2 protein chains.
Amino acid sequence: MKSDLLAAPHATAPPSSRRALIASVATELFHRKGYAATSMRELASVSGIEAPSLYNHFSSKETLLHEICFGMADAFVSTARRLAALDLPVEDRLARAIEEHLRLLFSDREAVGVFVNEWRHLSEPSLQTFKALRSDYEQFFAGLFQEGMLKGVFRQGDPLWLGRQLLLLMNGSIHSTARPDSEALANLGRRFYGLWMHGVASSTTQPD
Amino acid sequence: MKSDLLAAPHATAPPSSRRALIASVATELFHRKGYAATSMRELASVSGIEAPSLYNHFSSKETLLHEICFGMADAFVSTARRLAALDLPVEDRLARAIEEHLRLLFSDREAVGVFVNEWRHLSEPSLQTFKALRSDYEQFFAGLFQEGMLKGVFRQGDPLWLGRQLLLLMNGSIHSTARPDSEALANLGRRFYGLWMHGVASSTTQPD
DNA sequence: CGCGCGAACGAACGATCGTTCGTATGTTTG
DNA sequence: CAAACATACGAACGATCGTTCGTTCGCGCG
């Protein structure tokens with residue numbers, strides 16, 4: 001196995017090796033048309049290559065999917081591990097988690113799209129492993145809410161539900177067309193944080 | 001063979017005609033495996049029929065998808081039209097919209113799953129029409145937020161963004177395993193409304 | 001120079017795809 | 001009873017699927 005170029009957060013930069021080019025094209029096609037609706041021949045054609053040559057770089061179609069999905073999953077989980085170790089008030093850690101999640105999300109939107117929508121086409125045992133990683137990441141967010149509730153910073157509720165909903169919300173942002181620069185990204189993060197913390201009601205109205 | 005006798009006392013909603021049974025099975029398969037990954041032969045097999053016989057009821061595979069997607073789209077849009085005509089304070093109309101959206105969502109989760117995830121496999125011109133219906137529905141929610149902002153009930157923000165995010169959030173609920181009864185559904189609606197209105201922060205903390 | 005090897009290709013494999021055709025079998029209608 | 005119709009099926013169509021095979025080409029290295 002060569003270097004894991006998928007982990008590097010460059011979306012548009014031209015990959016050096018042929019292998020990385022194929023992975024990048026596959027990511028785009030899997031995202032736009034779906035895994036099942038993308039054929040190896042089309043992938044080859046867009047890559048400027050013949051279909052059999054693909055198998056000099058990837059042993060199967062599913063290997064491509066595997067690499068994309070687990071590349072993103074590892075990135076998310078390792079980010080979560082890093083954030084969990086931070087010594088900050090829980091609401092600040094939440095803000096950081098939102099910010100980092102969005103940063104990762106926009107570092108390669110197409111890969112995230114595949115990660116979010118196409119993972120179900122993985123076969124066992126990869127599927128099990130993937131779900132476990134996904135659950136880890138959800139648990140990290142759930143843990144933030146749980147801790148915040150214990151400390152009285154957050155209203156009571158189901159922490160796992162809240163974690164999943166927040167992730168759902170952020171992941172939906174990849175559908176917005178504009179590619180945000182780092183400033184716009186920070187703004188988006190504050191927007192999510194504000195919405196999640198205080199909702200849409202004007203501050204004059206009171207909670208029930 | 002008269003296998004109709006077996007089809008009578010079936011699982012959730014016993015479809016009267018063969019046509020409805022096929023549509024129901026197609027919905028389940030398209031939802032669980034995806035449109036592209038579902039073959040007509042498998043659909044036939046699960047329906048207890050041979051593949052060519054399907055074409056006595058539906059003229060093509062895409063016709064099935066079309067019927068599922070537009071069936072849900074029409075239901076959502078007509079509900080929105082009904083709600084828009086209601087003479088209620090805007091925040092109450094939002095609560096009702098959330099409630100009705102959830103009700104529709106859980107009335108047929110599999111169809112909603114197809115509606116949300118598989119519409120992109122429609123071909124033109126249906127695809128255009130579908131997107132237009134979808135946009136109508138988003139605009140309805142955006143309109144609620146816009147009106148709420150003008151009246152000072154809601155904090156300032158991008159109404160279309162808020163509308164899309166709220167829909168995204170609710171649509172994600174179909175992944176939860178439990179089938180809620182009408183009381184649990186009402187609770188879920190209040191949960192969404194509360195979260196959306198006031199966020200997760202405990203009421204002692206203040207917005208920035 | 002010659003040897004090995006990764007990378008590319010044309011051909012083609014067996015499987016499966018969506019769909020059509022001809023036909024058989026009731027059931028309804030005149 | 002006969003004509004008409006809806007529904008089912010087996011066979012099979014052409015297309016395309018993921019993948020394998022045998023081969024060739026070009027390059028680095030002894």
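Every value quoted in this text rests on a predicted model; they were computed, and no experiment measured them.
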Practice item. State, without any angle test, whether B:S60 and B:T63 hold a side-chain donor-acceptor pair at a distance under 3.5 Å. Key: yes
**Study point:** Nearest-nucleotide pick for A:R18, side chain only, options being C:dC9, D:dC9, C:dA8
**Key:** C:dA8
Revision key, fill the gap. Expected list for residues 36-44 of chain A near DNA chain D, using heavy atoms below 4.0 Å, is A:T38, A:S39, A:M40, A:R41
Review point. What closest approach, in Å, do A:C69 and A:F115 show between heavy atoms, and which atom pair accounts for it?
Key: O-CD1, 3.5 Å
Exercise for review: Using a strict 4.0 Å threshold on nitrogen-to-oxygen distance, state whether B:E99 and B:R103 make a salt bridge.
Suggested key: no
**Study point:** Between B:H31 and B:N117: side-chain donor-acceptor atoms closer than 3.5 Å
**Key:** no
Practice item. Check the distance between C:dA7's C1' and A:I22's CD1 and give it to me in whole angstrom. Key: 10 Å
Review point. How about B:Y193 and B:H198: does a side-chain donor come under 3.5 Å of a side-chain acceptor?
Key: no
Point to revise | Interface residues of residues 51-67 of chain B with DNA chain D (non-hydrogen, below 4.0 angstrom) | key: B:P52, B:S53, B:N56, B:H57
Review point. Any salt bridge between A:D158 and B:R191, counting N to O under 4.0 Å?
Key: yes
Check your understanding: Which pair of non-hydrogen atoms, one from A:L144 and one from A:F154, has the smallest distance, and what is that distance?
Key -> O-CE1, 3.8 Å
Exercise for review: Using whole Å, report how far CD of A:E50 lies from C1' of D:dC25.
Suggested key: 15 Å
Revision key, fill the gap. Of all heavy-atom pairs linking B:A23 and B:L64, the shortest is CA-CD2, 4.2 Å
